[in-house]
Amino acid sequence: MTAPVSVKAPSGIDELATLRIAPVRRPWQWVATGVVLVMLALLLASVAMNPNMGWPVVGRHLFSAEILRGIGWTVLLTVLCMALATVLGVVIAVMRTANNRVLSAAASLYLWFFRGTPLLVQLILWFNLALVFPLLGPAVFFGESAGGLDTNHVINWFMAALLGFGLHEAAYMSEIVRGGFLAVGRGQTEAAESLGMTGTQTLRRVLLPQALRVIVPPSVNQFVNLFKATSLVAFISGQDLLSSVQHIYANNYQVIPLLLVASLWYLVLVSLATLGQHYLERRLNRGHVPTTAKGAKG
Amino acid sequence: MTAMVQARGLSKSFGPLTVLDGLDFDVERGEVVCLLGPSGSGKSTLLRCVNRLERPDAGVISVDGEIIGFRRSGDQLHELRGKELARQRSNIGMVFQNFNLFPHRTILDNVLEGACVVKKEPRATAREHALRLLDRVGLTGKVGAYPGQLSGGQQQRVAIARALAMRPKVMLFDEPTSALDPELVGEVLAVMKDLACDGMTMIVVTHEIGFAREVADRVIFMDGGVIVEQGPPHQVIDRPRVERTRSFLARVA
Ligand SMILES: Nc1ncnc2c1ncn2[C@@H]1O[C@H](COP(=O)(O)OP(=O)(O)OP(=O)(O)O)[C@@H](O)[C@H]1O
Ligand SMILES: [Mg+2]
């Protein structure tokens, strides 16, 4: 009653400050959630109960020796192709950004060809390399009499796949790597050079580690794509996961259950790759603070 | 003994634009030279020619008697590349307007990088030297932080320590405080002043007239790719003889 005016004036806000905040009600969200859950349950049930899915057959084959061998080939092929594509991709990206016109033109030409023709065509071409070069080695350049190894012995399905996928993938990887380099500012190169680093040192210690942050997400994308794309070796009588599955259902006609087996395994492999990406990115993001430098203009 | 930095007939054009037009200058050992001039007058280009981040069209530059970017054989100069050029650059410290610290390495690693990778010093020795330098620029407590976690002024002081770790013969500063908020400028200038007092040969491009007046042994005013006027700061800054210098100083001061 006797409170001075200066204290009394903001009493409105003091009173408001004591009030409880009521939670927001979103009835429609609950309805939507309910609908989605019910539909999911129905879908799951229909898949799980459907006898055509042949779950017992799935169970019988999921860990069978032939399937596991197929997985082994798929993983080996994917990892080797990705390694080849990464190394070659870095080389091509460096060539493309080089001052030397011939080098950068050669890199562009590579990109143009390997990105411009279908993967399956390249794969079949490599598999049939013997039709172009019956002998590998000096014979390729100097004619049959120069001698070489019998192409049909060197190029089996795995070599053809390694070359086909690896070289094709390298074209895509080179663009991803180049994008990573572009994302690292010119100032970083200049700082490295002004310290007296050579070109290779600058590339290895300054550019690549920073570019990797940008390179990893699209590269994992390519890796995941490659996991599934390797199933194309079924066209050149390969022995990967899908080929094994096809081989089995060609005998027992259980097409759907065996495709389920393949799908489940591809999902597992891709999930593992995604998990790896998560840890890799966490490591690469060291030192990367989302906010810009405090106290610096701009 | 010859001057620490010598340039003769230094020219550089970008397309039709002549940025440096046959410059001659010497920087004595232990001398601090401040480069003033309007925007686009070629100050950065001049500095970048000294460590050959920019390739001059004509002219020669020597640092401590050694021609930068060339090897002499008989009466011919052969252009250097790769390792040899890198070795020459390692004797020339450079501090950039935008710091250009390596964002993926800690502060300590930024300072260690040059000594360990370029000079191949043993890590323990290099580390001790790096810590001493970081202490000198007042950043003892930040050795484990990453550049992105530091203020602009702190980052620039790390950049100075990083350049000093190479034990350079000369230090080049390209507007080291231009990217900083006003309250952070002082701490960087203090480090530079300390360095100047210590006898380091320095070429500083700056718009900080106060710093030039106080620390520089000589001020060079350039415009249009040539040196318009040079001399001790009290002469060039306080009693400029050329009209172009006068009007520039009237604008910035
Ligand atoms: N790589 C380049 N290509 C083309 N033009 C350039 C290049 N570098 C600099 N220039 C031009 O050369 C001129 C001089 O540039 P420089 O950076 O040396 O000026 P400056 O005196 O440092 O100016 P400021 O005070 O704005 O930094 C400018 O007109 C600039 O546009
Ligand atoms: Mg400049």
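Quantities reported herein were computed from a predicted structural model and do not represent experimental measurements. Every chain is numbered from 1 and lettered A, B, ... according to where its sequence line falls, protein lines coming before strand lines. Keep in mind that the numbers below use all heavy atoms, side chains included, and drop hydrogens, waters and symmetry copies.
- The heavy-atom pair separating A/Ala191 from B/Phe96 by the smallest distance is CA-CE1, 3.7 Å.
- Of the atoms belonging to B/Arg52, not a single heavy atom falls under 4.5 Å from chain A.
- Note that CZ of B/Phe102 is 9.5 Å distant from CG of A/Leu207, once rounded to the nearest 0.5 Å.
- Interface residue B/Asn51: only side-chain heavy atoms are found under 4.5 Å from chain A.
- Looking at B/Ile92, the atoms closer than 4.5 Å to chain A (heavy atoms on both sides) all sit in the backbone: N, CA, C or O.
- Within the 4.5 angstrom heavy-atom criterion, atoms from both the backbone and the side chain of A/Glu193 approach chain B.
- Residues B/Ser90 and A/Met197 fail the side-chain proximity criterion, which asks for heavy atoms closer than 4.5 Å.
- With hydrogens and angles ignored, the 3.5 Å screen pairs a side-chain donor or acceptor of B/Asn100 with a backbone N or O of A/Gly187.
- For the options B/Lys119, B/Met166, B/Arg89, heavy-atom pairs under 4.5 Å to chain A are most numerous at B/Arg89.
- Note that the CZ atom of A/Arg186 and the CG atom of B/Asn98 stand 13.5 Å from one another [nearest 0.5 Å].
- Of the two parts of B/Leu172, neither the backbone nor the side chain holds a non-hydrogen atom closer than 4.5 Å to a non-hydrogen atom of chain A.
- For the atom pair OG (A/Ser194) and CG (B/Asp174), the distance works out to 11.5 Å, reported to the nearest 0.5 Å.
- Minimum interatomic distance between B/Val118 and A/Gln201 (heavy atoms only, all atoms of both residues): CG2-OE1, 4.4 Å.
- Rounding to the nearest 0.5 Å places CZ of A/Arg205 at 7.5 Å from NE2 of B/His104.
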